[in-house]
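Working notes, beginning with the structure itself.
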2 protein chains.
Amino acid sequence: METYQQESRLYKALMHPVRLAILDLLREGEACVCHMEALLGFRQAYISQQLMVLREAGLLEMRRERLNIYYRVIRPEIFAVMDAMRKVTGVQPARPTKVNACTCPNCAADSEPRLIRL
Amino acid sequence: METYQQESRLYKALMHPVRLAILDLLREGEACVCHMEALLGFRQAYISQQLMVLREAGLLEMRRERLNIYYRVIRPEIFAVMDAMRKVTGVQPARPTKVNACTCPNCAADSEPRLIRL
DNA sequence: ATAATATATTCAAGAAATTGAATACAGGTG
DNA sequence: CACCTGTATTCAATTTCTTGAATATATTAT
């Protein structure tokens, strides 16, 4: 039963809609918190809380670069789990449409036009 | 986010060690409650409670045959999820050793010798 | 040194999950 | 019908999760 305990901890991490959305976001590589904030439309503190849960589950790692902190998935095998679950429900989640603008250096390089900040 | 809500309900069902053990048990086909009780070593009411959660999540269905109630997985795709998760943890759960004897007709046909009941 | 920015952490109230105990119920047997 | 057997359901106490609010921290800019 100890093995199941270990698995159940991971399922617990996936048990939350916002955390699933975050993981999907990170499929394409690392992202900073402001990016997730912009894409998902939740308050910064809330996103950080969910990131902490995923980190404590051993799924994410963070890296600081100047003011921004970038998160990335350190167990890509988790995506196979998510893909398999998607076959159970049969529904593919829609790509998130950017709710707010993100001002991090990475996003600044993005395609969409934005105001120059001084 | 509604799609994630639906997925998260399923992850919630998998979030529990005993429920994972039950699902593993049902990989080989249907089983009656007394069987699970014997294999897992939990009280009957407790097993039934967990079965109810899995049923409400839409993963199981039950069938009555005389006094016994047989459960079976109606979404075998869930096993792919569990297999994928097992690759994340890297640990294979041990086959459960029968803790108690089971007296249901199916188990009576099993290999182990048992007393004849009148 | 002060302030601003990006993010993390702590706290608390409410909601949901866990689990033991008690009980209900349906089908079979005498 | 009364009783037994296998299983489901209800209840309540406890623990855990959720989430908003407030606050702390690290880095950079002035």
Side-chain angles (χ1 to χ4, degrees), chain A residues 1 4-5 8-22 30-57 60-72 100-108 117-118, chain B residues 1 4-5 8-22 30-57 60-72 100-108 117-118:
Chain A
M1 199 59 63
Y4 290 120
Q5 211 100 36
S8 93
R9 266 192 291 275
L10 282 168
Y11 285 118
K12 249 177 220 176
L14 298 187
M15 166 181 89
H16 194 291
V18 172
R19 293 199 288 268
L20 289 170
I22 288 176
E30 64 177 13
C32 64
V33 177
C34 68
H35 197 75
M36 309 191 212
E37 219 181 317
L39 236 59
L40 301 177
F42 291 102
R43 299 174 353 240
Q44 172 272 318
Y46 186 56
I47 299 272
S48 268
Q49 282 172 335
Q50 304 305 336
L51 286 169
M52 186 168 10
V53 176
L54 289 170
R55 200 157 23 102
E56 278 167 359
L60 301 186
E61 256 178 28
M62 53 202 269
R63 167 181 80 81
R64 166 156 243 146
E65 186 179 314
R66 304 177 58 85
L67 269 186
N68 297 296
I69 293 186
Y70 293 86
Y71 279 87
R72 70 179 182 289
N100 304 307
C102 175
T103 58
C104 76
N106 277 20
C107 293
R117 307 173 71 242
L118 296 186
Chain B
M1 198 60 63
Y4 289 120
Q5 211 99 35
S8 93
R9 265 193 292 274
L10 282 168
Y11 285 118
K12 249 176 223 180
L14 299 186
M15 165 181 89
H16 194 289
V18 173
R19 293 199 290 268
L20 289 170
I22 289 176
E30 63 177 14
C32 64
V33 177
C34 68
H35 197 74
M36 309 190 211
E37 220 182 316
L39 238 58
L40 300 177
F42 292 101
R43 291 167 317 122
Q44 172 272 317
Y46 186 56
I47 300 271
S48 268
Q49 283 172 334
Q50 304 306 336
L51 286 169
M52 187 170 9
V53 175
L54 289 170
R55 199 157 24 101
E56 278 167 0
L60 300 186
E61 256 178 27
M62 54 202 267
R63 168 181 81 82
R64 165 157 242 145
E65 188 180 313
R66 305 177 57 87
L67 269 187
N68 298 295
I69 293 186
Y70 293 86
Y71 280 86
R72 70 178 182 288
N100 305 307
C102 176
T103 57
C104 75
N106 277 19
C107 294
R117 306 173 70 241
L118 298 185

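Convention: sequence-line order gives letters A, B, ...; per-chain numbering from 1. Note: hydrogens, waters and symmetry copies are ignored here, and every other heavy atom, side chains too, is used.
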Just how far is it from atom [atom1] of [X] to atom [atom2] of [Y], taken to the nearest 0.5 Å?
| X | Y | atom1 | atom2 | answer |
| --- | --- | --- | --- | --- |
| B:Ile22 | B:Ile47 | CD1 | CD1 | 5.0 Å |
| B:Lys12 | A:Lys12 | NZ | NZ | 12.0 Å |
| B:Gln50 | B:Leu20 | CD | CG | 10.5 Å |
| B:Arg9 | A:Met15 | CZ | CE | 13.5 Å |

For [X] and [N], give me the distance from atom [atom1] to atom [atom2], rounded to whole Å.
| X | N | atom1 | atom2 | value |
| --- | --- | --- | --- | --- |
| B:Glu61 | D:dA8 | CD | P | 14 Å |
| B:Glu37 | C:dT19 | CD | P | 17 Å |
| B:Leu54 | D:dT9 | CG | P | 14 Å |
| B:Met52 | C:dC25 | CE | C1' | 14 Å |
| B:Glu30 | D:dT7 | CD | C1' | 16 Å |
| A:Arg55 | C:dA8 | CZ | C1' | 8 Å |
| B:Phe42 | D:dT7 | CZ | P | 17 Å |
| B:Asn68 | D:dT7 | CG | C1' | 9 Å |

The side-chain contact (heavy atoms from CB on, under 4.5 Å) partner of B:Tyr71 among B:Glu30, B:His35, B:Met36 is B:Met36

Regarding B:Met62, tell me which of base, sugar-phosphate or nothing describes its non-hydrogen contacts under 4.0 Å with the strands shown. sugar-phosphate

Using a 4.0 Å heavy-atom cut-off, does A:Tyr71 contact any base of the nucleic acid, only the sugar-phosphate backbone, or nothing at all? sugar-phosphate

Salt-bridged, B:Arg63 to B:Glu65, with N to O below 4.0 Å? yes

Take nucleotides 20-30 of chain D nucleotide by nucleotide from the 5' end and write B, S or -, depending on whether a protein heavy atom sits under 4.0 Å from the base, only from the sugar-phosphate, or from neither. BBB---SBSS-

If you look at every heavy atom in B:Ala57 and B:Leu10, which pair is closest and at what distance? O-CD2, 3.7 Å

State whether the side chain of A:Arg64 and the backbone N or O of A:Arg66 hold a donor-acceptor pair below 3.5 Å, judged by distance alone. yes

Backbone of A:Ala45 reached by a side-chain donor or acceptor of A:Ser48 within 3.5 Å: no

Taking DNA chain C as the partner, which of residues 9-20 of chain A come within under 4.0 angstrom of it by heavy atom? none

